[in-house]
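The next block holds one structure in the form of C-alpha cells; read it before the comments.
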There are 2 protein chains.
Amino acid sequence: MLKKERQAYIIQQINIHNKVLSADLCIQLDVSEDTIRRDLQELAEEGKLMKVHGGALAKSFHFTIETNQVYNLSAKQVIAQKALQLIKDGMLIAISGGTTMRELIKLLPPELNATFVTSNVPIALELLNHPSVEVIFLGNKLLKSAQMAVGAEVVSRFGQIKADLCLLGTNSIDTVDGITDLELEIIEVKKAMVDASKKVVSLAISEKLNTAQRLVVCGLDKVDILITELDPTDELLAPYAKKGIAVL
Amino acid sequence: MLKKERQAYIIQQINIHNKVLSADLCIQLDVSEDTIRRDLQELAEEGKLMKVHGGALAKSFHFTIETNQVYNLSAKQVIAQKALQLIKDGMLIAISGGTTMRELIKLLPPELNATFVTSNVPIALELLNHPSVEVIFLGNKLLKSAQMAVGAEVVSRFGQIKADLCLLGTNSIDTVDGITDLELEIIEVKKAMVDASKKVVSLAISEKLNTAQRLVVCGLDKVDILITELDPTDELLAPYAKKGIAVL
DNA sequence: ATAATTTGTGCGGTTTTCTGCAAACTCTTT
DNA sequence: AAAGAGTTTGCAGAAAACCGCACAAATTAT
C-alpha cells in the first residue's frame with residue numbers, strides 16, 4: 001500500500017461520508033495511527049480536508065453564509081467590540097438576530113466557554129463556526145422575513161430558561177416607548193427573551209435611536225445596558241443615561 | 001529484454017492495476033531496482049505515469065483540483081431532479097441534511113406549497129429562500145460537526161408529527177445492515193424521522209452503496225424508495241430492488 | 001477535578017532513492 | 001574482425017523517506 005494510495009482513499013472516504021475517524025482508517029488501511037495522523041496532517045496542509053480531534057472533516061462541509069455588504073458595517077463592528085466585555089465564561093446568553101450580532105459572534109474569543117440560546121437561523125449558523133461555545137436553537141415554525149423561529153412553542157421555551165444576558169438587536173428605541181418592533185410574532189419572541197434574562201442589553205446603531213415602531217417589546221425600565229457606536233458622553237445618549245441605563 | 005520492452009510492460013501493468021511497485025517489477029523483469037527506477041523516472045518525465053515512493057501510480061490519480069467544491073455535484077443534481085417528482089402540494093416532509101438535499105431544495109418549484117420539517121441548520125436556511133414553502137425547525141442543542149439539532153427534545157418532537165415523506169440523506173447503505181451512520185446522536189434523530197414518516201426515501205450517490213458504518217439507522221425493510229444517480233436498471237441496484245425497494 | 005483519549009515528537013529500524021562509477025552492451029567505423 | 005563512442009546496467013555507500021513504538025503533552029470526557 002503506497003502512501004498516495006492511502007491518501008487517495010482517505011480523500012475519497014471524506015468526500016463520500018463527510019467525516020472519517022482515525023481509528024477507522026487505521027483498521028481499514030491496516031497501518032498505525034501515527035501513519036494515519038501524518039497522512040491527515042499532510043492532507044490538511046494541502047488544504048484537502050479539515051483535521052479535527054479524532055479524525056477529519058470535509059472542507060466543503062461546513063458552509064457559511066456569504067456576507068454581502070453589511071449596511072454601516074464599521075458602526076456595527078464598534079458596537080460588537082464594546083459588547084464583548086459583557087460576555088464571560090460560563091454564561092448563558094440569549095441572543096437575537098441581525099448583522100450586528102453576526103459581527104459580535106465573529107469577534108468572540110476562540111476559547112470562550114459560554115452557551116448561546118437563539119431562535120435565529122443565521123445566528124445559529126454563525127455560532128456553529130465558533131470552536132467551543134454551545135449553541136441551543138429554540139425552534140418551531142420559521143418566519144421567512146426574519147429567518148427566525150416564532151410562535152408559542154418558542155416563547156414557552158424561552159420561558160423555561162434563565163439567561164444571564166440578553167443581547168437584543170434593536171430595531172427602534174426611544175425614551176417614550178422603549179424598544180419597539182414591527183412584527184407581532186417577533187415581538188412575542190423578543191419579549192420572552194427579555195423576560196428570561198437577568199440583564200438586558202440593547203445593541204443599536206445611532207440611527208435607530210429615537211425612532212419608534214408600532215409594537216412594543218419592552219419599556220426602557222427593563223433595559224440595563226445600551227450599546228451604540230457613539231461615545232458614551234454623546235448628548236444623544238444623555239436621555240437614556242438619565243433613565244438609569246448604563247451606556248457603553 | 002530491451003528497455004522499450006520493459007517500459008511497455010510497465011505501462012501495461014499500470015493500465016491494468018493503476019499502480020506498480022518497484023520491488024514487484026524488478027522481480028518480474030529480472031533487473032535491478034535502479035533500472036526500474038530509471039525507467040519509472042523516464043516514463044514520469046514523459047507524463048505517462050506518476051512516480052511515487054515505492055513505485056508508480058496511473059496518472060488518473062489526480063485527486064487535486066476537486067476540493068472545496070461540492071463533491072460529485074452533478075450526480076447529486078441528478079438525484080435531486082429524480083426526487084422532485086415525489087414532492088407534492090400539501091405534503092408534510094421530513095428532511096435531513098447534506099449537499100444533496102441542498103441541491104434538491106434549489107430545484108423546488110417556486111409555487112410549491114408544502115411544509116418541511118428539519119433539524120438541520122443549513123437546510124433550514126436554504127428552505128427559507130423558497131418563496132412559499134413552510135419551514136419548521138425542530139431545535140435544541142446543536143451539534144457542531146453536523147450543524148444540526150440533536151437530543152431527546154428533537155427526537156420526541158419528531159415523534160409528535162406524522163410526515164408524508166422522509167427524505168433521508170444517506171451516509172452508507174448496504175443490503176445487510178440497511179442505512180448506517182457514524183454518530184450516535186445523528187442516528188437517534190434519523191431514526192425518529194424515519195419512524196415519523198409514512199414513506200422513507202433514501203438519497204445516496206452510488207459510491208455510498210454497499211458501504212456500512214458502525215451504527216444502524218434503520219433496516220432496508222423501512223426504506224420505500226432508493227434514489228441514486230444510476231439508471232434504475234443498473235445491476236448495482238438489483239439487490240435493493242429485490243428487497244422490495246422502489247429504485248428511481 | 002480526575003481519568004481516558006488523542007496528539008506531538010524523538011528514536012530506531014527498514015525500505016527506497018540518489019549518486020558516482022565501472023563493467024557490459026550496442027552500434028558504427030575502420 | 002576489431003576498435004571506439006555512446007548508452008545502458010548493476011553495484012556500493014550515503015542520504016532521504018517511511019513507519020511503528022514509546023513517552024510526554026494536550027485535549028476531551030467523566
Side-chain angles (χ1 to χ4, degrees), chain A residues 1-11 13-14 19-46 48-57 89-90 108-115 128-135, chain B residues 1-11 13-14 17 19-46 48-57 61 141-146 150-152 182-188 214-215:
Chain A
M1 177 68 66
L2 298 162
K3 190 173 132 190
K4 290 280 178 188
E5 271 189 286
R6 275 199 322 266
Q7 298 190 351
Y9 179 85
I10 292 172
I11 292 288
Q13 289 300 306
I14 284 266
K19 173 177 176 179
V20 289
L21 303 178
S22 305
D24 287 351
L25 288 173
C26 75
I27 293 171
Q28 289 163 29
L29 297 170
D30 194 31
V31 293
S32 77
E33 293 218 26
D34 303 69
T35 305
I36 293 297
R37 198 147 23 78
R38 277 186 276 244
D39 280 340
L40 292 180
Q41 183 151 350
E42 212 171 296
L43 291 168
E45 276 166 16
E46 292 169 33
K48 292 178 181 159
L49 48 76
M50 256 181 82
K51 197 166 171 306
V52 297
H53 206 90
L57 297 173
D89 264 22
L108 291 176
E111 66 281 2
L112 176 70
N113 250 301
T115 303
L128 283 174
N129 285 329
H130 188 281
S132 59
V133 302
E134 185 166 354
V135 193
Chain B
M1 176 69 64
L2 263 52
K3 190 172 139 192
K4 292 277 176 191
E5 272 187 279
R6 273 200 323 268
Q7 298 194 349
Y9 178 83
I10 292 173
I11 293 290
Q13 289 299 305
I14 284 269
H17 299 116
K19 83 163 185 184
V20 289
L21 303 180
S22 306
D24 288 351
L25 288 173
C26 75
I27 293 171
Q28 290 163 28
L29 297 170
D30 193 31
V31 291
S32 77
E33 293 220 25
D34 302 70
T35 305
I36 293 299
R37 197 155 18 78
R38 279 186 273 244
D39 282 340
L40 292 180
Q41 186 150 351
E42 215 170 294
L43 290 168
E45 277 165 16
E46 294 170 31
K48 294 183 178 152
L49 48 76
M50 219 178 122
K51 194 168 172 307
V52 299
H53 199 96
L57 297 170
F61 258 75
K141 197 192 87 179
L142 298 185
L143 189 65
K144 284 219 173 72
S145 62
V150 294
L182 243 154
E183 274 181 86
L184 184 61
E185 289 177 304
I186 296 176
I187 296 281
E188 287 171 349
R214 225 168 323 210
L215 300 167

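All values below come from the heavy atoms of this structure, side chains included, with hydrogens, waters and symmetry mates left out. Proteins get letters first, then strands, A, B, ... in listed order; numbering begins at 1 in each.
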Q: Report the distance from atom CG of B:D30 to atom C1' of D:dT9, rounded to the nearest whole Å.
A: 12 Å
Q: Walk along DNA chain C from 5' to 3' and tell me the first and last nucleotide with an atom closer than 4.0 Å to a non-hydrogen atom of chain B.
A: C:dT16 to C:dT19
Q | Distance, rounded to the nearest Å, where A:E42 contributes CD and D:dA17 contributes P | A | 11 Å
Q | Spacing of A:L2 atom CG relative to D:dA17 atom P, expressed in whole Å | A | 16 Å
**Q.** Salt bridge flag under 4.0 Å for residues B:E183 and A:K19
**A.** yes
Q) How about A:E111 and A:S132: does a side-chain donor come under 3.5 Å of a side-chain acceptor? A) no
Q) When the distance from CD of A:E5 to P of D:dC19 is rounded to whole Å, what number comes out? A) 11 Å
Q) Mapping B:E33 and A:V31 onto DNA chain D by nearest heavy atom, which one lands closer to the 5' end? A) B:E33
Q: Answer whether the closest heavy-atom distance between the side chains of B:L142 and A:L128 falls below 4.5 Å.
A: yes
Q: Could you say whether A:T35 or B:D39 is positioned toward the 5' end of DNA chain D, judged by the nucleotide with the nearest heavy atom to each?
A: B:D39
Q) Mind checking what makes side chain to side chain donor-acceptor pair (under 3.5 Å) contact with B:T35, not counting sequence neighbours? A) B:S32
Q: Return the value, rounded to whole Å, for the distance between atom CG of A:L29 and atom P of D:dC18.
A: 16 Å
Q: Verify the neighbour count for atom CG of B:D30: are there more than 12 heavy atoms of other residues, nucleotides or ligands below 6.0 Å?
A: no
Q: Check whether any side-chain heavy atom of B:L184 lies under 4.5 Å from a side-chain heavy atom of B:V150, and answer yes or no.
A: no
(Q) salt bridge (charged side-chain N to carboxylate O under 4.0 Å, His left out), that's the test. Do B:E42 and B:K3 meet it? Break it down for me. (A) CA-CA 11 Å; B:E42 215 170 294; B:K3 190 172 139 192; 3.3 Å; yes
Q | NZ (B:K51) with more than 12 external heavy atoms under 6.0 Å | A | yes
(Q) Between A:D89 (side chain only) and A:L112 (backbone N and O only), is there a donor and an acceptor less than 3.5 Å apart? (A) no
Q | Atom-pair distance (CZ on B:R6; C1' on D:dT7), nearest Å | A | 12 Å
**Q.** Whole-Å gap separating P (D:dC18) and CD (A:Q41)
**A.** 14 Å
Q | Under 4.0 Å protein heavy-atom contacts per nucleotide of nucleotides 22-30 of chain D, with B for base, S for backbone only and - for none | A | B----SS--
